[in-house]
Amino acid sequence: MLSFIARRLGLLIPTFFGITLLTFALIRLIPGDPVEVMMGERRVDPEMHAQAMERLGLNKPLPAQYMDYIGKLAQGDLGESLRSRESVWKEFTTLFPATLELAFCALIFAGVFGLLAGVIAALKRGSLFDHGVMGVSLAGYSMPIFWWGLILIMFSSVSMGWTPVSGRIDPLYDVEPVTGFMLIDTLLVGDEGSFKDAFMHLILPTIVLGTIPLAVIARMTRSSMLEVLREDYIRTARAKGLSPARVVFVHGLRNALIPVLTVFGLQVGTLLAGAVLTETIFSWPGIGKWLIEAIGARDYPVVQNGILLIACLVILVNFVVDILYGLANPRIRHQR
Amino acid sequence: MLKHAVIPFLVGAGLLAGAPAALAASNLVFCSEGSPAGFDPGQYTTGTDFDASAETIFNRLTQFERGGTAVIPGLATKWDVSEDGKTYTFHLREGVKFHTTDYFKPTREFNADDVLFTFNRMLDKDMPFRKAYPTEFPYFTDMGMDKNIAKLEKLDDHTVKFTLNEVDAAFIQNLAMSFASIQSAEYADQLLKQGKAADINQKPIGTGPFVFNRYQKDALIRYKGNKDYWKPDDVKIDNLVFAISTDASVRMQKLKRDECQVTLFPRPADIEPLKKDPKLQMPEQAGFNLGYIAYNVMDKIKGSNEPNPMAQLKVRQALDMAVNKQQIIDSVYQGAGQLAVNAMPPTQWSYDTTIKDAKYDPEKARQLLKEAGVKEGTEITLWAMPVQRPYNPNAKLMAEMLQSDWSKIGIKAKIVSYEWGEYIKRSKGGENGAMLIGWSGDNGDPDNWLGTLFGCDALEGNNFSKWCYKPYDDIIKQAKATSDQAKRTELYKQAQHIIKEQVPMTPIAHSTVYQPMSAKVKDFKISPFGLNSFYGVSVEK
């Protein structure tokens with residue numbers, strides 16, 4: 001097992017450097033520098049431009065800039081935003097809880113409903129419910145997030161008045177951010193109204209962000225479950241006279257979960273990518289929105305290190321999933 | 001039916017939130033369009049940054065009247081200008097208090113030291129504060145103030161004197177612009193001593209109508225009404241909140257639900273439905289902006305070996321009279337635009353109302369092209385912006401319409417577009433052909449249009465036509481160096497005539513600015529500069 005972990009860890013190092021090089025190069029391939037972008041139609045005074053580029057270290061040749069960047073990374077310094085001049089780490093840690101809270105809720109939503117729908121569809125294979133789940137999940141998977149978000153806002157918020165349109169909480173609740181997780185912070189304040197308000201604000205973005213993972217998980221669970229239910233040991237379990245629930249959930253679902261677990265890991269990447277759009281629609285102050293704005297402003301340190309941090313997170317989650325998968329399935333960890 | 005069934009259930013389950021406690025006070029939520037980069041106005045250039053700092057937290061020596069371009073006293077109660085127009089003496093307002101917050105408690109009132117600190121920081125690279133927190137002041141530089149202010153002196157605690165190298169008739173207007181917001185020297189000293197100079201950009205202290213309370217990045221900015229404001233009648237809101245919502249449709253939905261009371265930049269398609277909503281109001285104002293076509297007049301366009309047809313006056317005249325402007329206003333601006341005739345908007349003083357547009361006449365245009373020796377099917381490039389700007393909501397559609405207009409006179413326009421940063425960079429370098437671009441006024445001075453966009457000094461900058469015409473340039477330089485407004489008006493009128501004759505550009509439209517807001521909001525005035533100010537504004541309960 002240890003050598004399996006070591007092999008997996010060894011693979012992380014080139015991945016990490018690959019990401020730094022890719023983000024460094026990609027953001028610089030976009031034309032325009034931060035000063036020019038900020039000035040727009042206005043005149044860019046050459047002296048002021050030169051002075052700013054020197055201050056930002058952008059007047060050096062690209063290899064030197066990359067080495068500076070890697071050197072700083074090695075010291076744990078993620079630099080500061082060119083626009084706000086706040087440290088990238090501070091901005092990330094301020095905004096990340098919002099994304100995490102949303103992604104977590106979306107994953108729970110997708111996991112619970114996806115597994116449930118997948119299992120029932122597998123058990124009732126060929127039924128109207130099965131066709132319904134598969135049809136709806138295909139639609140869910142193909143749904144453009146932006147459109148789906150706006151439709152939900154129009155229906156639930158504007159026409160019916162059930163949920164707020166956007167944001168994390170009514171602006172008139174002045175909740176001091178302590179953990180950055182609004183549900184927890186409102187509980188800490190001890191004001192029931194603000195907790196309920198924060199909860200209501202979470203409903204629509206959770207549904208929008210969770211829709212695609214839900215569809216994927218439902219389809220994956222169904223097909224995996226169908227496969228498992230055909231296995232000999234299930235027949236044996238049934239023959240032994242076990243209750244149908246025990247056969248399905250203990251013998252069936254547990255084994256069917258192995259591929260679903262991988263899908264869960266992969267969905268973390270999807271969720272973070274989806275968060276970019278969901279956050280824009282719902283004015284959700286997370287890292288997705290932050291990165292979009294940074295790309296527009298050519299805020300190199302934010303783009304490079306923001307993407308790096310997210311990539312590290314996705315790698316980490318997939319690493320953990322790999323390990324879990326290895327634990328669950330010895331054939332995997334013995335593969336060379 | 002569904003609504004009736006579900007709401008009681010949600011309320012019963014305790015899931016519909018109760019009213020926030022802050023409702024007791026007078027609150028206004030503004031759905032703003034983006035996050036400010038920081039709160040030090042001198043460093044930035046966009047309305048988003050200025051709304052969040054200069055318009056709320058700060059004051060300037062002079063200021064623009066609400067909703068207008070006229071300059072009125074701000075932190076200076078009056079000013080004297082010397083005979084030669086090069087010395088300005090400002091008499092400062094007494095009894096003005098800087099904000100008291102949990103991070104700064106002022107021990108003195110506003111005085112000349114604060115003015116000196118503010119401007120010396122922008123002028124002197126070796127100043128200790130600037131060394132501790134190096135930054136550039138792009139707007140200040142762009143307006144040429146770094147080169148033109150020769151000396152700044154404190155005559156006494158409440159009098160300061162600016163000496164200029166050259167006469168600048170727009171100097172007073174420039175001082176009213178957001179970047180010239182007055183900072184507290186005492187606060188800067190405190191930050192410097194604490195080694196926290198960068199906090200000037202995150203924890204602002206000003207003298208303005210609202211006191212900064214908290215910024216939650218990408219979410220909210222909170223301000224409290226300034227109870228000690230020097231103009232107490234201007235502060236009618238206790239809690240002002242900017243709720244940052246980047247998507248225009250979402251902003252409008254929030255307004256409809258009364259989640260915010262004022263917002264901005266509605267999409268053209270939303271304007272009519274919003275106007276019909278009885279709970280809302282939709283004030284509008286002719287925009288202080290201009291969308292236009294700049295014709296590159298260089299003999300050869302950079303990167304091409306072919307002679308540039310637009311270098312010939314007759315070709316530019318032909319292109320100009322072949323543009324069906326009304327059709328563009330109807331389609332591109334969806335009626336929310338005013339047909340432009342001159343190189344500045346009609347609300348700008350010195351605008352010449354006697355100038356008329358060349359009549360839309362494709363036949364005559366063909367004739368002119370023939371006289372110029374331009375063959376049928378001659379190709380030119382037409383540059384179209386990739387982004388929506390306040391003066392042009394849809395440059396791509398506009399380019400397609402122009403392409404069709406010009407094809408009727410035998411000119412083949414090839415539409416070219418680049419990413420916005422690249423678009424500007426390449427066109428400043430002279431690679432553009434005919435180009436869609438525009439401008440929003442900065443300071444209400446005619447030079448900000450006629451000089452900034454068409455002067456010889458702007459060839460490397462905003463003069464996208466690369467048009468340097470000496471008789472014109474002499475006039476605008478003379479006008480800038482004159483302080484007599486009547487004389488200046490006369491000169492600028494002449495300049496407008498020259499532009500009309502020489503056609504370095506075709507003015508298209510001034511887009512109308514709409515500002516949707518709740519009917520409960522009283523006395524909000526749309527700023528011609530596209531800024532959003534909340535002093536003097538109140539909300540009916």
Side-chain angles (χ1 to χ4, degrees), chain A residues 30-33 35-48 51-52 55 81 83-86 91 94-95 98 150 153-154 157-162 164-168 170-174 176-177 191-194 196-197 199-200 280-283 285-286 289-290 293 297-298, chain B residues 2-3 6-7 10 14-23 27 29 34-35 37-38 44-46 134-136 138 141-142 198 201-202 216-220 222 239 241 243-247 249-250 253-254 256-257 259-260 418-422 424-425 428 437-439 452 458 460-462:
Chain A
I30 309 179
D33 65 51
V35 184
E36 281 166 357
V37 168
M38 182 171 83
M39 294 305 283
E41 296 97 334
R42 304 191 171 285
R43 182 178 72 96
V44 183
D45 181 72
E47 202 182 315
M48 188 269 294
Q51 189 188 323
R55 176 171 64 77
S81 156
R83 258 182 101 230
S84 70
R85 310 195 55 185
E86 281 269 22
E91 289 200 341
T94 310
L95 298 171
L150 287 177
I153 290 179
M154 302 274 240
S157 307
V158 180
S159 300
M160 308 310 286
W162 294 338
V165 176
S166 73
R168 290 181 85 189
D170 187 314
L172 298 179
Y173 284 115
D174 192 356
E176 177 103 36
D191 173 14
E192 200 185 334
S194 62
K196 285 174 191 162
D197 191 63
F199 181 83
M200 293 307 285
T280 306
I281 307 165
F282 290 98
S283 309
K289 236 176 116 198
W290 177 60
E293 276 177 20
R298 308 291 184 277
Chain B
L2 192 55
K3 187 173 177 176
V6 174
I7 292 234
L10 290 175
L15 284 177
L16 275 193
L23 276 183
N27 306 305
V29 180
S35 309
Y44 299 108
T45 56
T46 71
T135 185
E136 292 75 42
T141 316
D142 184 31
N201 195 29
Q202 311 297 342
Q216 285 164 267
K217 194 170 164 51
D218 289 344
L220 301 165
R222 294 178 185 283
N239 296 295
V241 183
I244 298 159
S245 322
T246 42
D247 186 72
S249 333
V250 172
Q253 305 302 351
K254 282 176 82 94
K256 281 187 194 164
R257 288 243 323 173
E259 287 181 27
C260 56
Y418 291 100
E419 186 279 334
W420 181 229
E422 186 73 356
I424 294 292
K425 192 175 181 178
K428 280 180 181 167
I437 191 72
W439 189 251
T452 307
E460 303 281 305
N462 309 92

Open item on the list: How close do A:Ser283 and B:Ile244 get, counting heavy atoms only, and between which atoms?
Closed with: CB-O, 3.4 Å

Open item on the list: Ignoring hydrogens, what is the shortest heavy-atom contact between B:Thr246 and A:Glu293? Give both atom names and the distance.
Closed with: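 Heavy-atom minimum between the residues: CG2-OE2, 3.9 Å.
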
Examine whether an atom of [X] lies under 4.5 Å from a heavy atom of chain A, and if so say whether it belongs to the side chain, the backbone or both; otherwise answer neither.
| X | result |
| --- | --- |
| B:Ile424 | side chain |
| B:Val250 | both |
| B:Thr452 | neither |
| B:Lys217 | both |
| B:Asn201 | side chain |
| B:Gln253 | both |
| B:Ser249 | side chain |

Interatomic distance, [X] atom [atom1] to [Y] atom [atom2] [nearest 0.5 angstrom]:
| X | Y | atom1 | atom2 | answer |
| --- | --- | --- | --- | --- |
| B:Thr46 | A:Arg83 | OG1 | CZ | 7.0 Å |
| B:Arg257 | A:Ser166 | CZ | OG | 10.0 Å |
| A:Leu172 | B:Arg222 | CG | CZ | 7.5 Å |
| B:Lys254 | A:Ser157 | NZ | OG | 9.5 Å |
| B:Cys260 | A:Asp170 | SG | CG | 11.0 Å |
| A:Arg168 | B:Asp218 | CZ | CG | 11.5 Å |

TODO: Please lay out, stage by stage, how B:Asp247 and A:Leu150 fare under the test side chain to side chain contact (heavy atoms under 4.5 Å, CB included).
DONE: CA-CA 10 Å; B:Asp247 186 72; A:Leu150 287 177; 4.2 Å; yes

- [ ] Name the region of A:Pro46, side chain, backbone, both or neither, that has any atom closer than 4.5 Å to a heavy atom of chain B.
- [x] neither

- [ ] Answer with side chain, backbone, both or neither: which region of A:Glu176 has an atom nearer than 4.5 Å to a non-hydrogen atom of chain B?
- [x]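 Both the backbone and the side chain of A:Glu176 come within 4.5 Å of chain B.
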
Leading residue by heavy atom contact count with chain B [cutoff under 4.5 Å; candidates [options]]:
| options | answer |
| --- | --- |
| A:Met48, A:Arg298, A:Arg85 | A:Arg85 |
| A:Asp33, A:Leu95, A:Thr94 | A:Leu95 |
| A:Gln51, A:Lys289, A:Glu47 | A:Gln51 |

Out of [options], which one racks up the most heavy-atom pairs below 4.5 Å with chain A?
| options | result |
| --- | --- |
| B:Val241, B:Leu220, B:Ile437, B:Asn462 | B:Asn462 |
| B:Ala458, B:Gly38, B:Gly438, B:Pro138 | B:Pro138 |
| B:Thr45, B:Val29, B:Asp142 | B:Asp142 |
| B:Gly34, B:Ala243, B:Ser35 | B:Ser35 |

Task: Residue pair B:Glu136 / A:Val35, side-chain heavy-atom distance below 4.5 Å - done: no

- [ ] Report yes if some heavy atom in the side chain of A:Pro285 is under 4.5 Å from a heavy atom in the side chain of B:Gln216; otherwise report no.
- [x] no

